[in-house]
Amino acid sequence: MDTDAPHSMGTTIIGVTYNGGVVLGADSRTSTGVYVANRASDKITQLTDNVYVCRSGSAADSQIVSDYVRYFLHQHTIQLGQPATVKVAANLVRLLAYNNKNLLQTGLIVGGWDKYEGGKIYGIPLGGTIIEQPFAIGGSGSSYLYGFFDQAWKEGMTKDEAEQLVVKAVSLAIARDGASGGVVRTVIINSEGVTRNFYPGDKLPLWHEELEPQFSLLDIPSSPGPEPMNI
Amino acid sequence: MSSIGTGYDLSVTTFSPDGRVFQIEYAAKAVDNSGTVIGIKCKDGIVMGVEKLIASKMMLPGSNRRIHSVHRHSGMAVAGLAADGRQIVARAKSEATNYESVYGEQIPVKELAERVASYVHLCTLYWWLRPFGCGVILGGYDRDGPQLYMVEPSGISYRYFGAAIGKGRQAAKTEIEKLKLSEMTCRQGVIEVAKIIYGVHDEAKDKAFELEMSWVCDESNRQHQKVPDELLEEAKAAAKAALEEMDAD
């Protein structure tokens with residue numbers, strides 16, 4: 001096991017617009033091969049007061065891109081005299097992603113709120129395309145969510161509906177994708193500001209044959225065992 | 001407010017004892033001697049007009065444009081040395097396209113004005129450059145609504161409701177101040193601008209002139225363009241009629 005190997009975030013990342021803002025969500029697993037280097041990482045990174053980015057792929061690459069964009073946006077905000085728009089933030093991200101496509105391996109979802117356009121989500125996958133979407137999914141875990149979103153997504157959700165959708169989706173992906181796991185983090189951005197939420201494993205719904213959580217090895221002998229199967 | 005700056009006016013990097021840079025003031029004189037240029041901000045957009053003094057009867061009408069589009073949403077009217085003006089317009093166009101390719105959105109008019117002003121100012125800092133001999137009125141329509149800026153040869157730039165440069169600027173400013181701009185649409189503004197320009201034109205000193213006008217407003221879909229021909233003709237007719245009325249008194 002090479003713990004010095006490049007860290008990648010298998011990841012499930014999601015960005016969803018709702019009536020009044022956006023909800024960003026992510027899992028928290030950073031892996032080096034099969035070793036989980038960080039089981040509680042924060043993949044939703046701040047670019048400005050009103051714009052955040054979900055990072056997936058190479059941890060180093062996504063961090064460096066976020067750092068550069070944060071720096072450029074800061075200068076831009078000073079020059080402009082008002083907060084930057086989500087579109088500008090996303091454009092700066094994609095210029096870096098596109099122009100360095102041979103060197104980088106990171107998929108990003110930029111989401112935020114500004115006074116001109118309201119809540120917006122921009123997906124910036126591997127090659128550096130930029131696409132504005134009502135919702136975006138990314139990372140290895142997202143493969144398991146395409147069908148889910150086709151069925152569950154609807155226009156004009158409330159803030160709570162949108163957050164519940166994101167939490168459910170990330171937990172579904174965590175259940176099926178080995179490279180995603182840990183806790184679910186969400187960030188809600190709207191005209192009022194930014195709210196961070198945290199859903200540990202015991203707050204997430206169980207899916208299909210997953211076991212109830214066992215909190216201590218000492219508890220196992222005293223609790224009733226599983227029901228025998230009826231063949 | 002003229003005064004001779006003998007000895008202190010040979011270089012733009014020299015201050016006079018009373019704190020003036022005479023070369024910049026002389027540059028402003030070049031602007032003052034040019035045909036009048038005015039710009040007004042109406043409630044739904046900007047209108048700009050130029051009194052284009054015709055040097056020769058051989059010139060084709062419509063040539064020697066004094067108003068240029070800098071980007072889809074903004075335009076610039078130039079007074080003073082025409083060649084200097086071309087440089088400024090070229091720089092403004094370049095700043096606008098560069099901003100869009102980096103930030104992915106149209107350059108805000110405020111930012112454009114600051115960059116143009118900064119460039120004009122730059123040329124007042126080095127002895128091997130001379131200041132631009134032209135003033136510029138910049139009108140544009142962005143997310144924050146219509147905005148009008150004026151940049152002087154010194155590099156100063158302010159935002160205005162109405163601005164005028166050139167020969168007839170004093171009279172033009174007086175006329176502009178009489179207008180109720182916040183209640184006026186650009187369609188009405190075009191007529192008013194034409195009247196003002198015809199009004200300040202000095203028949204005795206300068207012979208012929210051609211009126212050039214542009215606008216950027218809701219009606220033009222927030223694009224900077226020449227005022228449509230029929231509206232231009234309507235404006236010219238109204239301006240000539242207003243002149244006759246004045247003369248009749």
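Side chains included, hydrogens not; waters and symmetry mates left out as well; all remaining heavy atoms used. All values reported here derive from a predicted model rather than from experimental measurement.
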Review point. How close do A:Gln79 and B:Lys110 get, heavy atom to heavy atom, and via which atoms?
Key: O-NZ, 4.5 Å
Check your understanding: At their closest point, which heavy atom of A:Leu92 faces which heavy atom of B:Val102, and how far apart are they?
Key ->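 Answer, listing the atom of A:Leu92 first, then B:Val102: CD2-O, 3.6 Å.
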**Study point:** Check: A:Thr85 and B:Tyr103 side chains under 4.5 Å, non-hydrogen atoms
**Key:** no
Taking atom [atom1] of [X] as the centre, report whether more than 12 heavy atoms of other residues, nucleotides or ligands fall under 6.0 Å from it.
{"X": "A:Gln75", "atom1": "CD", "value": "yes"}
{"X": "B:Lys173", "atom1": "NZ", "value": "yes"}
{"X": "A:Gln82", "atom1": "CD", "value": "yes"}
{"X": "B:Trp127", "atom1": "CH2", "value": "no"}
{"X": "A:Tyr116", "atom1": "OH", "value": "yes"}

Review point. Once you round to the nearest 0.5 Å, how far does CD of B:Glu105 lie from CD of A:Glu117?
Key: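 B:Glu105 atom CD to A:Glu117 atom CD measures 9.5 Å (nearest 0.5 Å).
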Practice item. Give me the ring orientation class for A:His76 and B:Tyr99: parallel if the planes are under 30° apart, tilted from 30 to 60°, perpendicular past 60°. Key: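 Judged by the thresholds at 30° and 60°, the geometry between A:His76 and B:Tyr99 is tilted.
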Point to revise | chain B contact via A:Leu80 - side chain, backbone, both or neither, heavy atoms under 4.5 Å | key: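 Both parts, backbone and side chain.
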